[in-house]
Novice: 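Below is the structure I would like to discuss, written out as structure tokens.
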Amino acid sequence: MKKIGFIFPGQGSQSTGMGLDLYNNYNSAKEVYRIADSTLNKEISKICFEGSDEELKKTINAQSAIVTTSIAALSAFREVCPEVSPSITLGHSLGEYCAMYASGVMDLKTTIQAIQKRSELMDKATKTTKGTMAAILGASIENIEESIKEASIKGIVQIANYNDPTQVVITGEIEAVELASQLIKEKGARKVVPLSVSGAFHSKLMDSARDEFVDFSKTLKLNNANIPVITNVDGKKTTNKEEFIEKMPNQINSSVLWSQSIQLALDSGIETFIEFGNGKVLAGLNRKISPKIKTYNISDSISLNLVKEELMTGV
């Protein structure tokens with residue numbers, strides 16, 4: 001069997017009804033939702049299955065809903081294919097917590113507690129600062145960086161996500177992001193798409209959330225990873241629990257090095273990825289990073305059974 005990487009999506013991948021099929025068909029998935037409901041002291045399962053788009057979009061709900069659903073998908077997969085293990089795990093922003101869970105860094109309850117605190121602090125930061133984000137398609141990094149430097153006269157603006165070679169997301173104060181977007185367009189970008197978000201995630205406007213998370217992260221019970229996690233903040237393999245404690249807060253206000261992280265996985269011999277959770281966002285990004293990548297998605301019983309059949313033939 002070829003070397004496999006487990007990957008997990010971030011905020012924005014949510015949609016009403018996610019995880020319901022997993023809940024109805026796998027006891028392991030049902031148990032994940034039960035523990036999440038109990039840990040959060042609210043019915044995140046009901047928000048996943050029945051919540052409105054508006055309710056699911058709220059940072060305070062979206063982060064725990066996405067993490068719970070992704071881990072439910074992973075748990076169902078482990079129930080059906082217990083012999084399959086990854087060589088590497090990684091997650092996009094929020095999804096990194098699922099990767100840490102998959103690699104044994106945190107148990108389920110600790111993971112849910114950590115993501116709830118993270119979402120509370122990030123939500124709090126958006127209420128005290130006014131920020132936004134925009135996706136840049138078909139522009140060189142050089143032109144983006146030059147435009148950001150010019151636009152900084154209007155305030156904070158920086159790169160939030162290096163998603164793939166053709167897509168970068170910028171983040172920061174509204175006027176600065178708008179000016180940067182205009183300058184990037186003038187320099188020949190194929191498209192600039194303002195994002196419907198509640199704040200400037202992965203920017204200095206999240207410094208307060210990052211600072212408060214520092215002390216919280218030190219209270220978490222973590223283990224060394226039994227499978228390397230490629231971390232967002234530096235695009236490097238991480239296994240030491242002390243390094244996770246240091247990197248988790250920094251991830252809140254730093255760039256997501258997704259393209260670089262996937263490239264490291266490829267350089268490490270990973271040819272096949274399994275994306276756990278709602279949607280196929282990461283599969284789409286992976287195709288643009290390298291056409292050689294094969295990415296499967298598991299979000300329900302149908303997709304799980306299809307992946308099982310593929311794995312049985314040796315991937």
Side-chain angles (χ1 to χ4, degrees), residues 5 7 9-13 88 90-96 131-197 199-207 230-237 247 250-268 270-271 273 275 279-295:
I7 58 177
Q11 198 164 339
S13 62
I88 277 172
L90 59 160
H92 192 287
S93 186
L94 168 71
E96 187 164 285
T132 191
M133 304 174 77
I136 312 299
L137 306 176
S140 70
I141 291 297
E142 292 75 20
N143 282 347
I144 292 171
E145 289 177 342
E146 183 181 329
S147 299
I148 283 175
K149 187 175 180 181
E150 292 175 36
S152 63
I153 60 169
K154 292 289 187 179
I156 293 168
V157 57
Q158 60 197 89
I159 293 176
N161 305 340
Y162 294 85
N163 282 337
D164 67 46
T166 67
Q167 184 192 128
V168 167
V169 175
I170 61 173
T171 179
E173 293 177 287
I174 294 171
E175 286 191 9
V177 170
E178 288 177 344
L179 178 56
S181 297
Q182 178 187 329
L183 294 170
I184 291 166
K185 277 184 189 176
E186 291 172 359
K187 289 180 172 66
R190 179 165 59 84
K191 197 173 185 181
V192 176
V193 183
L195 301 181
S196 177
V197 293
F201 302 125
H202 298 290
S203 79
K204 291 180 180 179
L205 296 183
M206 292 289 116
D207 282 357
I230 301 180
T231 42
N232 286 186
V233 295
D234 52 9
K236 294 181 179 179
K237 295 178 186 178
K247 291 180 183 183
N250 293 337
Q251 190 220 51
I252 292 172
N253 64 347
S254 300
S255 302
V256 175
L257 306 183
W258 184 254
S259 186
Q260 297 91 327
S261 297
I262 289 293
Q263 189 58 55
L264 175 59
L266 294 174
D267 294 342
S268 302
I270 304 296
E271 296 178 30
F273 294 89
E275 178 180 3
K280 298 180 181 179
V281 174
L282 301 184
L285 297 181
N286 282 0
R287 280 194 299 271
K288 292 176 182 176
I289 293 169
S290 172
K292 296 178 182 179
I293 297 177
K294 179 66 177 178
T295 306

Novice: So, for Leu266 and Ile293, which heavy atoms are closest and what is the spacing to 0.1 Å?
Specialist: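 So the minimum-distance heavy-atom pair works out to CD2-CG1, 3.6 Å.
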Novice: With distance as the sole test, does Asn232 use its side chain to make a donor-acceptor pair with the main-chain N or O of Ser93 at under 3.5 Å?
Specialist: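 Such a contact is found between Asn232 side chain and Ser93 backbone.
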Novice: Just by distance, do the side chain of Glu173 and the backbone of Gly155 share a donor-acceptor pair under 3.5 Å?
Specialist: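 No, the answer is negative, given that no donor and acceptor are paired below the 3.5 Å cut-off.
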Novice: I need the minimum non-hydrogen distance between Lys237 and Ser268, along with the two atoms involved.
Specialist: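 Lys237 and Ser268 have their closest heavy atoms at NZ-OG, 3.0 Å.
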Novice: So does Gly138 get a backbone contact from the side chain of Thr166, meaning a donor-acceptor N/O pair under 3.5 Å?
Specialist: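 Pair absent, no side-chain N/O of Thr166 close to backbone of Gly138.
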Novice: Which pair of non-hydrogen atoms, one from Ala139 and one from Ile184, has the smallest distance, and what is that distance?
Specialist: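 Looking at all heavy atoms of both residues, the shortest contact is CB-CG2, 4.0 Å.
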Novice: Go through the steps to decide whether Leu90 and Leu264 satisfy the test side chain to side chain contact (heavy atoms under 4.5 Å, CB included), and finish with yes or no.
Specialist: CA-CA 11 Å; Leu90 59 160; Leu264 175 59; over 6 Å; no
Novice: When rounded to the nearest 0.5 angstrom, what is the spacing between CD1 in Ile289 and CD in Gln260?
Specialist: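 The CD1 atom of Ile289 sits 8.5 Å away from the CD atom of Gln260.
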Novice: When you measure from the side chain of Thr231 to the backbone N and O of Asp234, does any donor-acceptor pair fall under 3.5 Å?
Specialist: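 Here the side-chain-to-backbone pair does not exist.
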Novice: Looking at every non-hydrogen atom in both residues, tell me the closest pair between Val177 and Gly172 and how far apart they are.
Specialist: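 Taking every non-hydrogen atom into account, CG2-N, 3.4 Å.
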Novice: Can a side-chain donor-acceptor contact be found between Gln182 and Glu186 if the only test is distance below 3.5 angstrom?
Specialist: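 There is such a pair between these side chains.
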Novice: Main chain of Ser254, side chain of His202: is a donor-acceptor contact present, judged purely on distance under 3.5 Å?
Specialist: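 Yes; at least one donor-acceptor contact below 3.5 Å.
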Novice: Return yes if some donor-acceptor pair links the side-chain N/O of Gln158 with the main-chain N/O of Lys204 below 3.5 Å, else return no.
Specialist: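 Between the backbone of Lys204 and the side chain of Gln158 there is a qualifying donor-acceptor contact (under 3.5 Å).
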Novice: Is there a donor-acceptor pair under 3.5 Å between the side chain of Ser290 and the backbone N or O of Lys292?
Specialist: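 Flag set: sc Ser290 to bb Lys292 pair under 3.5 Å.
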Novice: If you compare all heavy atoms of Gly10 against all heavy atoms of Ser13, which two are closest, and at what distance to 0.1 Å?
Specialist: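 In terms of heavy atoms, the two residues are closest at O-OG, 2.9 Å.
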Novice: Treating Thr171 as the side-chain partner and Phe201 as the backbone partner, does any N or O pair qualify as donor plus acceptor under 3.5 Å?
Specialist: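 Between the backbone of Phe201 and the side chain of Thr171 there is a qualifying donor-acceptor contact (under 3.5 Å).
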Novice: Can His92 and Asn163 be said to form a side chain to side chain contact (heavy atoms under 4.5 Å, CB included), step by step?
Specialist: CA-CA 9 Å; His92 192 287; Asn163 282 337; 2.8 Å; yes
Novice: Set out, in order, the CA-CA distance, both residues' side-chain angles and the distance that settles side chain to side chain contact (heavy atoms under 4.5 Å, CB included) for Ile88 and Phe273, then state yes or no.
Specialist: CA-CA 9 Å; Ile88 277 172; Phe273 294 89; 5.9 Å; no
Novice: At what distance, to the nearest 0.5 angstrom, does CD of Glu142 lie from NZ of Lys187?
Specialist: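 Those atoms lie 12.5 Å apart.
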Novice: Return the CG to CD distance between Leu257 and Gln251, rounded to the nearest 0.5 Å.
Specialist: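 If we round to the nearest 0.5 Å, Leu257:CG and Gln251:CD are 10.5 Å apart.
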Novice: Test Leu285 against Ile262 for side chain to side chain contact (heavy atoms under 4.5 Å, CB included), laying out the working first.
Specialist: CA-CA 10 Å; Leu285 297 181; Ile262 289 293; over 6 Å; no
Novice: About how many Å separate CZ of Arg287 and NZ of Lys294, when rounded to the nearest 0.5 Å?
Specialist: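 One gets 9.5 Å once the value is rounded to the nearest 0.5 Å.
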Novice: Atom CD of Glu275 and atom CG of Leu282: how far apart are they, to the nearest 0.5 Å?
Specialist: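 Answer rounded to 0.5 Å: 4.0 Å.
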Novice: If we only count heavy atoms from C-beta on, is the Trp258 to Ile7 side-chain gap below 4.5 Å?
Specialist: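 Contact flag for Trp258/Ile7 side chains = yes.
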Novice: CG of Leu137 to CG of Asp164: how many Å apart, nearest 0.5 Å?
Specialist: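 That separation rounds to 8.5 Å.
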Novice: Could you tell me whether a side-chain N or O of Glu175 sits under 3.5 Å from a main-chain N or O of Lys154, the two making a donor and an acceptor?
Specialist: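 A pair under 3.5 Å: no.
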Novice: Looking at every heavy atom in both Ile230 and Glu96, which two are closest together, and how far apart are they?
Specialist: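 Residues Ile230 and Glu96, closest heavy atoms: O-OE1, 4.0 Å.
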